[in-house]
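Report on the following structure.
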Amino acid sequence: MCGIVGALAERNVTAILLEGLKRLEYRGYDSAGLAVVNKDQQLQRRRAQGKVAEVEKRLEAEPMKGHLGVAHTRWATHGVPSEANAHPHLSSDELALVHNGIIENYLELKSRLTKAGYRFTSDTDTEVVAHLVHQLYQEKQDLTVAVEAAIQQLEGAYALAVIHQDQPQKLVCARKGSPLVIGVGMGEYFCASDPLALLQVTDRFIYLEEGDLATLTLDQHAILDRQGQAVEREICQWQHGNQAAEKGSYKHFMLKEIHEQPAVLAATLEGRLSDRRVLPQALGAKAMELLPRVKQVQIVACGTSYHAGMVARYWIEKLAGIPCQVEVASEYRYREVVVAENALFVTLSQSGETADTLAALRFAKEAGYLASLTICNVPGSSLVRESDMSLMTQAGPEIGVASTKAFTTQLTALLLLTLALRRAAQASNQDADDPLEAELVEALRALPRLAEETLQLDAEIEKLSEDFAEKHHALFLGRGSHFPIALEGALKLKEISYIHAEAYPAGELKHGPLALVDKEMPVIAVAPRDDLVDKLKSNLQEVRARGGELFVFADPVTLLEPEEGMQVLHLPEVHEVLAPILYTLPLQLLSYHVAVLKGTDVDQPRNLAKSVTVE
Ligand code: F6R
């Protein structure tokens, strides 16, 4: 959801800003722009509609240099994608501002500023903030003081970076509701929406907290918290290496991230399992104390993360015997909820910054839950900071907009949570041996290897994808804990290939969707070995009898074999509880290959962006 970069150095920062934008492009890609203060202390700006490459061309044609600058890649909220609406927005050609988020009271501010003589050249909410800071700067003559006064008047969410040509040694940034980090260099400072944007120049970061305002000069930073008090924030060392932000030999980030799954599943399990059990410390000391009191679980998330939560409901109720509800955050946060006694509130998120999920957590904190836990991929993110407990997935940075490795590592972490809840709920002696837990721990250890084997189906799946390229619709079927996997398969296909796809629990077919089935409707089914597979087989017969074309991913023991109208690919045998994790992989590969055949933009599908920091 929009990417921000800012830089202040003794060297020219244009190339740093541009490289930062390229690395942030996954957050928004409908227009981009940069502004720098040049050596004559004048503000210069280049903007273009479209991807960052367009602004790069503009820069090649009309280069600009400066040691202070801000840049932005946009995902439109207010106003169409166009050059006029692209950031940075200027005020009086003296001040430049970039913004991620939504200013809810912008119309009111706009009318006031219009009366004060400001002329608007865009339809954005951001331009209002640029003029507001400018107006206050006229009065205060200090950029920090002006930004501090301006943000008091803003309602909504923002991450901001601001520069003024009269203060060429100062970069001011602030955040509330949208992420922002400061990159600490040697005699230079940077800011960005995501540390990935700055790995080219530093590996030391300060994660700003809600309401923070930071002033960066060449050799120091000063941070004020939401009460306006000076605070120190920890400088964190980046641990993931720089390759995480590179595609390497892969054609797309999505393919690289699909193939990283064996390694990141192993990383998510590392240090969390002993011989026959999940290590009690895996979820932290606080969890050891709280989990025995949990009588109900409420999971809240969005999109793919929500699908992970849906799988976890099957696990938590079956294995831990604890009632579990799952809801999408955008619904949950606006509902009048009844909170059961001793209920644990769990959020799931790759980014840790999803606006609806974060708002749901804040709402839940007031609603009387026992405690909150987040399963999240980004250390230092808002969800991690604001939850009582966190369990980190170790997927590493995920750049492809379509979530892949984040999902399977979330599932793995959710299974660890399930087993911890099971032990807490069932064993009066917390050290007692639990044969089922031991069996699942062994199965978890085998998971990375099985994922590796499953990925070897890549070439066969690529072949299968040829049957989809001309199709306009697809139906995904699963039963039990594989119904959410069917939902996830359908979501992946629609978001990157733009083929309309729906998912149903296979038993629902005859209650309506069967009417859609004909030879133009490919039907994809996941058929692992479980109690429901015989019922699923009957559902598949219902499809075949209507001339539907079936594509089935099955466990060999199901005895499902290819026949006319039904293609079958066999996955390695896997414990039935872990099967949802493994059966996700072929569906990811299928969507990927269909999208490549259709020639869509796999990593940056139209209308979408990663890290949805607006409501
Ligand atoms: C789909 C996808 C989205 C995200 C959703 C939540 O491939 O990536 O549906 O899962 O926007 O994002 P996080 O997990 O960052 O909260």
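Basis for what follows: all heavy atoms, side chains included, without hydrogens, waters or symmetry-related copies. Just so you know, ligand 1 is whichever comes first in the structure, and atom 1 is the first atom listed for that ligand.
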Open item on the list: Below 4.0 Å from ligand 1: does a non-hydrogen atom of L608 turn up there or not?
Closed with: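 Per 4.0 Å heavy-atom rule, L608 does not contact ligand 1.
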Taking the six-membered ring for Trp and the single ring otherwise, decide whether the centroids of [X] and [Y] are under 6.0 Å apart.
| X | Y | result |
| --- | --- | --- |
| F345 | Y332 | yes |
| H307 | F407 | no |
| F551 | F468 | yes |

Task: Contact partition for E353 relative to ligand 1, non-hydrogen atoms under 4.0 Å - done: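 It is neither part, as no heavy atom is under 4.0 Å.
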- [ ] May I ask which of A308, S349, S403, C302 has a heavy atom nearer to atom 8 (O) of ligand 1 than the others do?
- [x]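 That would be S403.
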Identify the protein heavy atom lying closest to [atom], giving its residue, its atom name and the separation to 0.1 Å.
| atom | result |
| --- | --- |
| atom 11 (O) of ligand 1 | V612 CG2, 3.8 Å |
| atom 16 (O) of ligand 1 | T354 OG1, 2.5 Å |
| atom 7 (O) of ligand 1 | E495 OE2, 2.5 Å |
| atom 15 (O) of ligand 1 | S351 OG, 2.7 Å |

Task: E327 bridged to R335 by N-O distance under 4.0 Å - done: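 Judged by the 4.0 Å cut-off on N to carboxylate O distance, E327 and R335 do form a salt bridge.
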Task: Atoms in ligand 1 flagged as close to A402, the criterion being non-hydrogen separation under 4.0 Å - done: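 Within the 4.0 Å cut-off of A402, ligand 1 contributes 7 (O).
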- [ ] State the atoms of ligand 1, each with its element, that fall below the 4.0 Å cut-off from a heavy-atom position in S305.
- [x]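 Checking each atom against S305, I get 10 (O), 13 (P), 14 (O).
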Open item on the list: For the residue pair R606 and Y498, would you count it as a cation-pi contact if the rule is NZ or CZ under 6.0 angstrom from the ring centre and within 45 degrees of the ring axis?
Closed with: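 Judged by the rule (NZ or CZ under 6.0 Å from the ring centre, within 45° of its axis), R606 counts as positioned above Y498.
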Task: Polar side chain donor-acceptor pair, E488 to T304, under 3.5 angstrom - done: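 The criterion, which ignores hydrogens and geometry beyond distance, is satisfied for T304 and E488.
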- [ ] Check whether the side chains of Q394 and T409 place a donor and an acceptor atom closer than 3.5 Å, and report yes or no.
- [x]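 Side-chain D/A pair, Q394 to T409: absent.
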- [ ] Could you tell me whether T304 and ligand 1 have an N or O pair separated by under 3.5 Å?
- [x]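 Yes: some nitrogen or oxygen of T304 is under 3.5 Å from one in ligand 1.
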